[in-house]
Amino acid sequence: MSMSTSRRRLLFAAGLAVTLPAHAIDWGGILKGALGTPAGDAPAAPGGVDALSAADIDAGLKEALTRGTDGAVVQLGRRDGFFADPRLRIPLPPALQKAERAMRMLGMGGQADGLVLAMNRAAEAAVPEAKSLLIGAVREMTLEDARGILTGGETAATDFLRRKTEATLTERFTPLVKRHTDEIGLARQYNQYAAMAAQFALLDPRHARVEEYVAQQALGGLYTVIGEKEAAIRANPLQAGSALLRTVFGALSGR
């Protein structure tokens, strides 16, 4: 029976020990060679997302959401932040939209336009006050499923944030919006418009309070823009300006 290659290598090494000083023999290299592992090569480390720690993923997601929140507040919390963006402009509530079409036909479109502008102005004024609420919610997030969120869709972290915080933030944000709607007389303006619509039998008098509607629409716009910021980071982590974001989101595509 022929002697195995590994055994011959070990016997050869033993023969070397007779003629060479012990310190001159690379026993580690010889044994690695005998076992078939190239001398000097370390085991390959896992790459990509698998190489990231849960702590890094958690920190990276929170940083992305914090940056997204900052950017969304700057974008929307200024004059025309909502009103000048057709995607995010707050329209009349659905209960009034049918009435709006009819009232425009009756030459009352100016009242509708003024109401839409006032609602958007109230949202733009209130948005900066939502920043601390959103950032606080981000910091308090517990991401047991952080790895799944990281490898989810392009707005997976924002979607997770929305599911976890929207109800609470709406409750806390609505009084802030109400203060601004009161300052500009929006509630009175809204109620007057609704009363006119009701006179034409175009509106059920049981309509939602305007501050609740504006708060919901404003937060919806904020989540939308935060998601866009997150998607941009995922698409190009090298331009994120943060070593942590480059590491965490770059691992998704090996960049």
Side-chain angles (χ1 to χ4, degrees), residues 41-78 81-82 84-85 87-88 90 123-174 176-177 215-255:
D41 285 358
V49 174
D50 290 338
L52 299 173
S53 69
D56 281 344
I57 294 174
D58 179 80
L61 290 173
K62 287 181 177 178
E63 181 174 337
L65 288 174
T66 298
R67 283 173 173 250
T69 297
D70 286 338
V73 168
V74 169
Q75 178 176 329
L76 298 176
R78 61 187 178 187
F82 280 96
D85 187 335
R87 302 174 307 122
L88 302 172
I90 300 174
E124 291 158 6
V127 155
E129 299 185 57
K131 179 177 177 178
S132 61
L133 301 180
L134 283 165
I135 295 297
V138 169
R139 291 174 179 167
E140 292 171 7
M141 287 172 60
T142 56
L143 299 180
E144 295 91 354
D145 48 353
R147 195 175 296 271
I149 293 173
L150 178 64
T151 57
E154 64 178 8
T155 62
T158 304
D159 295 340
F160 179 86
L161 175 66
R162 185 168 192 163
R163 290 194 302 272
K164 293 293 185 180
T165 65
E166 186 170 25
T168 300
L169 285 176
T170 299
E171 181 179 344
R172 295 172 63 187
F173 186 53
T174 300
L176 301 177
V177 174
Q216 292 168 357
Q217 293 293 306
L219 281 177
L222 275 169
Y223 286 120
T224 295
V225 177
I226 292 170
E228 291 172 352
K229 305 296 184 187
E230 177 192 350
I233 290 173
R234 287 177 179 270
N236 197 351
L238 294 180
Q239 299 298 318
S242 161
L244 177 61
L245 293 179
R246 288 196 296 272
T247 297
V248 172
F249 289 96
L252 292 172
S253 58
R255 285 177 286 188

Inset, instruction - Grab the two heavy atoms, one from L161 and one from M141, that are nearest each other, plus how far apart they are. - result: CD1-SD, 3.7 Å
Inset, instruction - State the NZ-CG distance between K229 and L65, to the nearest 0.5 angstrom. - result: 13.5 Å
Legend entry - Side chain to side chain, L133 and T168, heavy atoms closer than 4.5 Å: no
Inset, instruction - Mind listing the closest non-hydrogen atom pair of I226 and A72 along with its distance? - result: CG1-CB, 3.8 Å
Legend entry - NZ-OG1 distance between K62 and T69, expressed to the nearest 0.5 angstrom: 13.0 Å
Legend entry - N236 and F249, any side-chain heavy atoms less than 4.5 Å apart: no
Inset, instruction - Look up atom CG in L238 and atom CD1 in I233, then write down how far apart they are to the nearest 0.5 Å. - result: 12.5 Å
Inset, instruction - To the nearest 0.5 angstrom, please state how far the CD atom of Q75 sits from the CG atom of L222. - result: 9.5 Å
Legend entry - G60 to V248 - nearest heavy-atom pair and separation: CA-CG2, 4.1 Å
Legend entry - Gap separating the CD1 atom of I57 from the OG1 atom of T247, nearest 0.5 angstrom: 12.0 Å
Inset, instruction - Answer yes when D159 and R163 have at least one side-chain N-carboxylate O distance shorter than 4.0 Å, and no when they do not. - result: no
Legend entry - Which atom of L244 lies closest to which atom of E63, heavy atoms considered: CD2-OE1, 3.3 Å
Legend entry - Side-chain donor or acceptor of E230 paired with backbone N/O of T158 under 3.5 Å: yes
Inset, instruction - Mind checking salt bridge (charged side-chain N to carboxylate O under 4.0 Å, His left out) for E154 and listing every partner two or more places apart, or none if nothing turns up? - result: none
Inset, instruction - Please confirm whether the backbone N or O of A240 pairs with a side-chain atom of R67, one donor and one acceptor, at under 3.5 Å? - result: yes
Legend entry - Taking every non-hydrogen atom, the tightest pair across R234 and I149: NH2-O, 3.0 Å
Inset, instruction - Sequence neighbours left out, what passes salt bridge (charged side-chain N to carboxylate O under 4.0 Å, His left out) with R87? Give chain and number order. - result: D85, E228
Inset, instruction - Kindly give the heavy-atom pair with the smallest separation between L52 and R147, and that separation in Å. - result: O-NH2, 3.0 Å
Inset, instruction - State, with a plain yes or no, whether a side-chain heavy atom of F82 is found less than 4.5 Å away from one of V127. - result: yes
Legend entry - R172 side chain vs A130 backbone, donor-acceptor pair below 3.5 Å: no
Inset, instruction - Evaluate the side chain to side chain contact (heavy atoms under 4.5 Å, CB included) criterion for residues D70 and T66: first the C-alpha distance (whole Å), next the side-chain angles of each, then the deciding distance (0.1 Å), finally the verdict. - result: CA-CA 6 Å; D70 286 338; T66 298; 4.0 Å; yes
Inset, instruction - First locate atom CD1 of I90, then atom CD of E124, and finally report the distance between them rounded to the nearest 0.5 Å. - result: 8.0 Å
Inset, instruction - Measure the shortest side-chain to side-chain distance between Y223 and T165 over non-hydrogen atoms and say whether it is less than 4.5 angstrom. - result: yes
